[in-house]
2 protein chains.
Amino acid sequence: MRIGQLAQLVGVETQTIRFYEQQGLLSPPDRQDNRYRVYTEKHGEELAFIRRCRILGLSLAEIHELQSYQDDPHQPCTAVNALLDDHISHVRSQITALQALEKQLVSLRARCNDDREVKACGVLAGISEGNMHQQQVRHQPDNPMSCRFVSLSCRGKINHLIGLPDIS
Amino acid sequence: MRIGQLAQLVGVETQTIRFYEQQGLLSPPDRQDNRYRVYTEKHGEELAFIRRCRILGLSLAEIHELQSYQDDPHQPCTAVNALLDDHISHVRSQITALQALEKQLVSLRARCNDDREVKACGVLAGISEGNMHQQQVRHQPDNPMSCRFVSLSCRGKINHLIGLPDIS
DNA sequence: ATTGACCTTATAGTAGCTTTATAGTTTTAA
DNA sequence: TTAAAACTATAAAGCTACTATAAGGTCAAT
């Protein structure tokens, strides 16, 4: 099977497959005389595993970790479960943070009906007043289902922003 | 006020301030003879506005948009509200998607108690079986409160992954 | 013979910063 | 006074997980 076929089978782009190989997540396939990659069913399963992990929001690093566990099947699977528990708790804190954010946005939005000039807009005024704060959420690597709440909160300096009249 | 003081006041790093200036979000300050930046209260307010927007999950591009509205205070503020409404709906769909993900992760986790070998771990087996799917959520720019559900779903190819036994 | 579909590698771009490198300036402690 | 510490400057690379683009080689069919 060549790269295009594998790509179509699993539902990814060919570049993504090459990318995973380059990142050491997918075993390098044999090559034809013309240097075309030749894939087997084993590669299909490997790739599908990677994609399923990505759908679950695991980072490439975490997938790498899982793969290392797979390579050593007699270990206890405590680490696998720990990884998942960890990930679940991240997802939960993301949900919590986003819910708080939604509340804040909705209340901000309520400060203006559409029939004003920007000058009198309660939304912009609300941002400028700014009594907002944010939960402490740890930085997560970029992956399709993950949220980021990066440096803003992680520095603990954001406190300076709360009740900011002293800035002016 | 020099850059370090401004940074401490608002709670960001000095590099971040330079970055915002470079991105055209923060007005370029005057310079001393030694080329050190000199900031005024106005810059403090500008920077605080930017950070509050970031806390609300707005992208730098969206902040830029808001700033352009501020510069034209006699416009109707419909656009401001539209931007916010849009953002709120993104946040809501992120929450929904993450909740679905959490459910999936928790049910996966339930497939293994800790006392097995990796070989028999229901978690890894669960991923390898993989009956997972994902909502269609549009791509969002990277910002501290945003989630990404990038190419995986956006291609519609993910369907191939659902009920994947045909891969092997 | 050439068009088109496929494959190759290498490199740059995305977002919002952070980090590193290299260097000049100012402040402070000995 | 001098030397170290702390601050400032610019430029460029790094982070994540890809995506896109460039420039070319290979292959089947017309």
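The chains referred to below are lettered A, B, ... by the order of the sequence lines, with proteins before strands, and numbering in each begins at 1.
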Undergrad: So if I take every side-chain heavy atom of A/Asn34 and compare against D/dA20, D/dA9, D/dT26, which nucleotide ends up nearest?
TA: D/dT26
Undergrad: In whole Å, I'd like the distance from the CZ atom of A/Phe19 to the C1' atom of C/dA10.
TA: 15 Å
Undergrad: Measure across A/Glu13 and A/Ala7 and return the closest heavy-atom pair with its distance rounded to 0.1 Å.
TA: C-CB, 4.2 Å
Undergrad: Between A/Gln32 and A/Thr16, name the one whose nearest nucleotide on DNA chain D is closer to the 5' end.
TA: A/Thr16
Undergrad: Nearest to the side chain of A/Thr14, heavy atoms from C-beta on, is which of C/dT20, C/dC7, D/dT10?
TA: C/dC7
Undergrad: Measuring to OP1 and OP2 of D/dT10, would you say a side-chain N or O of B/Arg37 lies under 4.0 angstrom away?
TA: yes
Undergrad: Give the minimum heavy-atom separation between A/Thr14 and A/Gly4, together with the two atoms involved.
TA: CG2-CA, 3.9 Å
Undergrad: Taking only the side-chain heavy atoms of A/Tyr36 (C-beta and beyond), determine which of C/dT8, D/dT8, C/dC17 contains the nearest atom.
TA: C/dT8
Undergrad: Under 4.0 Å, heavy atoms only, any strand: does A/Arg2 hit a base, just the sugar-phosphate, or nothing?
TA: sugar-phosphate
Undergrad: Counting heavy atoms from C-beta on, name the nucleotide in C/dC17, D/dT10, C/dT8 closest to the side chain of B/Arg51.
TA: C/dC17
Undergrad: Tell me which nucleotide among D/dT8, C/dC17, D/dC18 gets nearest to the side chain of A/Leu60.
TA: D/dC18
Undergrad: Do you know the tightest heavy-atom contact between A/Leu25 and A/Ile50?
TA: O-CD1, 3.5 Å
Undergrad: Just how far, in rounded Å, is P of D/dA13 from CD of B/Gln15?
TA: 17 Å
Undergrad: For the pair made of CD1 in B/Ile3 and P in D/dA6, what is the distance, rounded to whole Å?
TA: 19 Å
Undergrad: Within this structure, what is the CZ-to-C1' distance between A/Arg35 and C/dT9, rounded to whole angstrom?
TA: 9 Å
Undergrad: By the definition side-chain hydrogen bond (donor to acceptor under 3.5 Å, both in side chains), identify the one residue from B/Gln15, B/Arg51, B/Glu46 that meets it with B/Tyr20.
TA: B/Arg51
Undergrad: Identify, between B/Ala61 and A/Val38, the residue whose nearest nucleotide on DNA chain C lies closer to the 5' end.
TA: A/Val38
Undergrad: Atom CD of A/Glu21 and atom C1' of D/dC18: how far apart are they, to the nearest Å?
TA: 16 Å
Undergrad: Using whole Å, report how far CD1 of B/Ile55 lies from P of C/dC17.
TA: 11 Å
Undergrad: Looking at C/dC7, I'd like to know if its phosphate oxygens (OP1 or OP2) sit under 4.0 Å from a side-chain N or O belonging to A/Arg31.
TA: no
Undergrad: Quick one: do the A/Thr40 and A/His43 side chains pair a donor with an acceptor below 3.5 Å?
TA: yes
Undergrad: In whole angstrom, what separates B/Gln22's CD from D/dA11's C1'?
TA: 10 Å
Undergrad: Ignoring the backbone of B/Glu13, work out which of D/dT10, C/dT18, D/dC18 is nearest its side chain.
TA: C/dT18
Undergrad: Atom CD of B/Gln8 to atom C1' of D/dC7: distance rounded to whole Å?
TA: 13 Å
Undergrad: Should B/Arg18 be listed as having a side-chain N or O under 4.0 Å from OP1 or OP2 of C/dT18?
TA: no
